[in-house]
Number of protein chains: 2
Amino acid sequence: MQSYTEENYLKIIYHLAEKTTNVQTNAIAEQMQTKPASVTDMIKKLADKGLVDYVKYQGVTLTETGRNAAIDIVRKHRLWEVFLVDKLNFKWDEVHDVAEELEHIRSIELIERLDEFLGFPKADPHGDPIPDKNGRFAKTQFIKLIELKVGDTGTITGVSQHSSAFLKHLEKLGLTLGKKIKISDVTDFDGSVEIQLADKQVNISREVAKHILISSNGKN
Amino acid sequence: MQSYTEENYLKIIYHLAEKTTNVQTNAIAEQMQTKPASVTDMIKKLADKGLVDYVKYQGVTLTETGRNAAIDIVRKHRLWEVFLVDKLNFKWDEVHDVAEELEHIRSIELIERLDEFLGFPKADPHGDPIPDKNGRFAKTQFIKLIELKVGDTGTITGVSQHSSAFLKHLEKLGLTLGKKIKISDVTDFDGSVEIQLADKQVNISREVAKHILISSNGKN
DNA sequence: AAAAATTTTTAGATTTACCTAAAAATTTAA
DNA sequence: TTAAATTTTTAGGTAAATCTAAAAATTTTT
C-alpha cells in the first residue's frame, strides 16, 4: 500500500515516461513542485519497495508493479473526472484539482461501482482513455489537428493540454469533444488554421492546433 | 485550513461533545485509535489555532470556529454516505469507511453540487441529520424504541449504533429505515421486545432495542 | 483526609516528507 | 579533451504526528 505522496510520484513518473524513456530527477521535481533532493530521497524509497528501477544518475523507470499502481490512479482520476462533468455539471476546465484529491480514495469496490454508475466510460472529459479494471486501455487513434491538410475532416476527440486557460479558450470557440470539423485554410504567414464547424468558422493559432486531437474520418 | 488529522480530531471531539460537555483526553485517544500523549500534543495545537478551548487536565470544548469546521466535516461525511447508498448501491453497513475518506476532500463547490445532485437530503442512510451549507440541522424528534410501551406505534427513522454487525442484523430482521412498527410485547424476563411489522413479527433483544430510533406517531 | 487508582501531561525519540548547501557525476561546449 | 554548465546525490536539519516511559494532577476509595 502506497502513501498519498508515493501515489503522486508514481503517477507523475508514469506520465513523464509517456514522453521520455528514462525519467529524470529534475523533471519529477518540477511536476511534484518540490526539490530534486527530495525526489532522490523518494525514488530510493520507491526503489526499495520495488515500484521503480533506479540507477544513480540514470533516472528511473517503473517496474511492472509500479506501473500497475500508477495506472490504477490514472483510472481513478479519469473516472472521477467523468463523474464531476457528467453528474455534477462541472466544466471540463474545472475538474482537475478535485479529481487530483479523489484519485487517492482507497476502495476498489467504490471504483468498480462508480465505473458502472457512469456506464463504463472509455474516455474522460478531455478525451484521455480510461483504463479498465485490469489496467487495459482502449486503442485510440489520434492525429494532431496541426497535421491535417486543407480539406481534411475529422472529429475532435481529445486535447493534449489540460490548462484551464486552454480549455476555456476552446470552449469559447465551440471546439469541444465530439465536434465535427473541416480544415478550410492554413495561413502561410503564421500557420494559423481556419476550421469549418457545422454552424460557423473559427480561426485558431498554430499553438492551439498542436493540442487538439482529431480522430480522422477521411483524408482529402 | 486544517490537516486531515486535525479534521479527524475536530470531528471526534464534536461527536464526543454530544454526550458529555467536557471531552476527555482518554476518550479522544480511544476514538482516534492513538495514545493519550499524542492527544495532548494535538489538543495544544488545536488550542493554539483557536479551534478548541483547553485547560490542562480539564478536557476540551470546541470553539465556535472549531464547531463549524467539525459540522462541515459531518456534512460531507453524511452527504457522501447518501451518494454511496442512493447512487452506487452500497448497503448502509458498508459506507462508513469510504465516507471517512471522502469527507476530507476539500472543495466547497463539490459538496454544494453533490448536495444538489442528491436532492438536498435531510438525513443520511442511518437517519442522522445532514446539516445544510450554513451548518444548520433540521430538527428531529427521535425516541429510543426501548422507551415505547406495548401498543405504541412509530416509524424507524434512525439508529444510534453504526457497527456493521448491528446494521446487518437489523437488515436481516427487516428493521430498516422507514419501516412502520408496533410494539406487540415486552418480555419481563430479559426485556426483549416483540415488534409487529407490516408483514411479520420479529423479536429483538433489549440491547438492540436501545439503538433503534423511532419517530413516534402516536402513543397507546 | 490520606492512600490508591486513574487520568493527563511532560520529556525525549521516531518516521515521513520535506528542506538547504555543498559535493559528485554527467553532459555540453570550447 | 579539458573547462564550463547542468544534473543529481549526499549530508545534515526541520515540522507533523506519532510513540514509550515516567512524572504530575485529579478523582475515587477506604
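Only a predicted model underlies this, so the values are computations on that prediction, with no experimental measurement involved. Letters A, B, ... mirror the listed sequences (proteins, then strands); counts begin at 1.
A side-chain donor-acceptor contact under 3.5 Å links Arg113(A) to the backbone of Asn89(B).
Atom CG of Asn22(B) and atom C1' of dT8(C) are 13 Å apart (whole Å). Atom CD in Gln58(A) sits about 10 Å away from atom P in dT8(D), given to the nearest Å. Per the geometry, OH belonging to Tyr4(B) stands 16 Å off C1' belonging to dT16(C), to the nearest Å. In this structure, CD of Glu30(A) is placed 15 Å from P of dT6(D), rounded to the nearest angstrom. Rounded to an integer number of Å, the gap from Met42(B) CE to dT9(C) C1' is 16 Å. Remark: C1' of dT16(C) and CE of Met1(A) are 17 Å apart, rounded to the nearest angstrom.
Distances were taken from every side-chain heavy atom of Tyr57(A) (C-beta onward) to each of dA25(C), dT10(D), dT9(C); the shortest belongs to dA25(C). Side-chain proximity of Ala37(B) to dT8(D), dC18(C), dT20(D): nearest is dT20(D).
At dT8(D), one or more side-chain N or O atoms of Asn26(A) fall inside 4.0 Å of OP1 or OP2 (strictly under the cut-off). Phosphate contact (OP1/OP2 of dC18(C), side-chain N/O of Tyr9(A), threshold under 4.0 Å): present. Taking only side-chain nitrogens and oxygens, Ser38(B) never comes nearer than 4.0 Å to OP1 or OP2 of dT18(D). Close to dT9(D), at under 4.0 Å from its OP1 or OP2, lies no side-chain N or O of Lys35(A). Between Gln24(B) and dT8(C) there is a side-chain N or O to OP1 or OP2 distance below 4.0 Å. Listed pair Lys44(A) / dT9(D) fails the phosphate criterion, with no side-chain N or O lying under 4.0 Å from OP1 or OP2.
The pair Glu207(A)-Lys210(A) counts as a salt bridge, with a side-chain nitrogen and a carboxylate oxygen less than 4.0 angstrom apart.
Taking the six-membered ring for Trp and thresholds of 30 and 60 degrees, Trp80(A) and Trp80(B) have ring planes more than 60 degrees apart, a perpendicular arrangement. Classification of the His126(B)-His162(B) ring pair by plane angle, with boundaries at 30° and 60°, yields perpendicular.
Contact annotation for Thr25(A): backbone-only contact, meaning every heavy-atom pair under 4.0 Å involves sugar-phosphate atoms and none involves a base. Thr34(A) comes within 4.0 angstrom of the backbone, heavy atoms only, and of no base.
In a base pair of the Watson-Crick type (N1 to N3 plus N6-O4 or O6-N4) or a G-U wobble (N1-O2 and O6-N3), with each distance short of 3.5 Å, dT29(D) is matched with dA2(C).
Residue Asp41(A) is the one, among Lys56(A) and Asp41(A), whose nearest nucleotide of DNA chain C lies closer to the 5' end (criterion: closest heavy atom). Residues Tyr54(B) and Gln33(A) each lie close to DNA chain C; by heavy-atom proximity, the contact nearer the 5' end of the strand is made by Tyr54(B).
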Would you mind writing out the side-chain donor-acceptor pairs for residues 20-40 of chain A within the sub-3.5 Å range, not counting sequence neighbours?
residue: Thr20(A); atom: OG1; partner: Leu16(A); partner atom: O; Å: 3.4
residue: Asn22(A); atom: ND2; partner: Gln58(A); partner atom: O; Å: 2.2
residue: Thr40(A); atom: OG1; partner: Pro36(A); partner atom: O; Å: 3.2

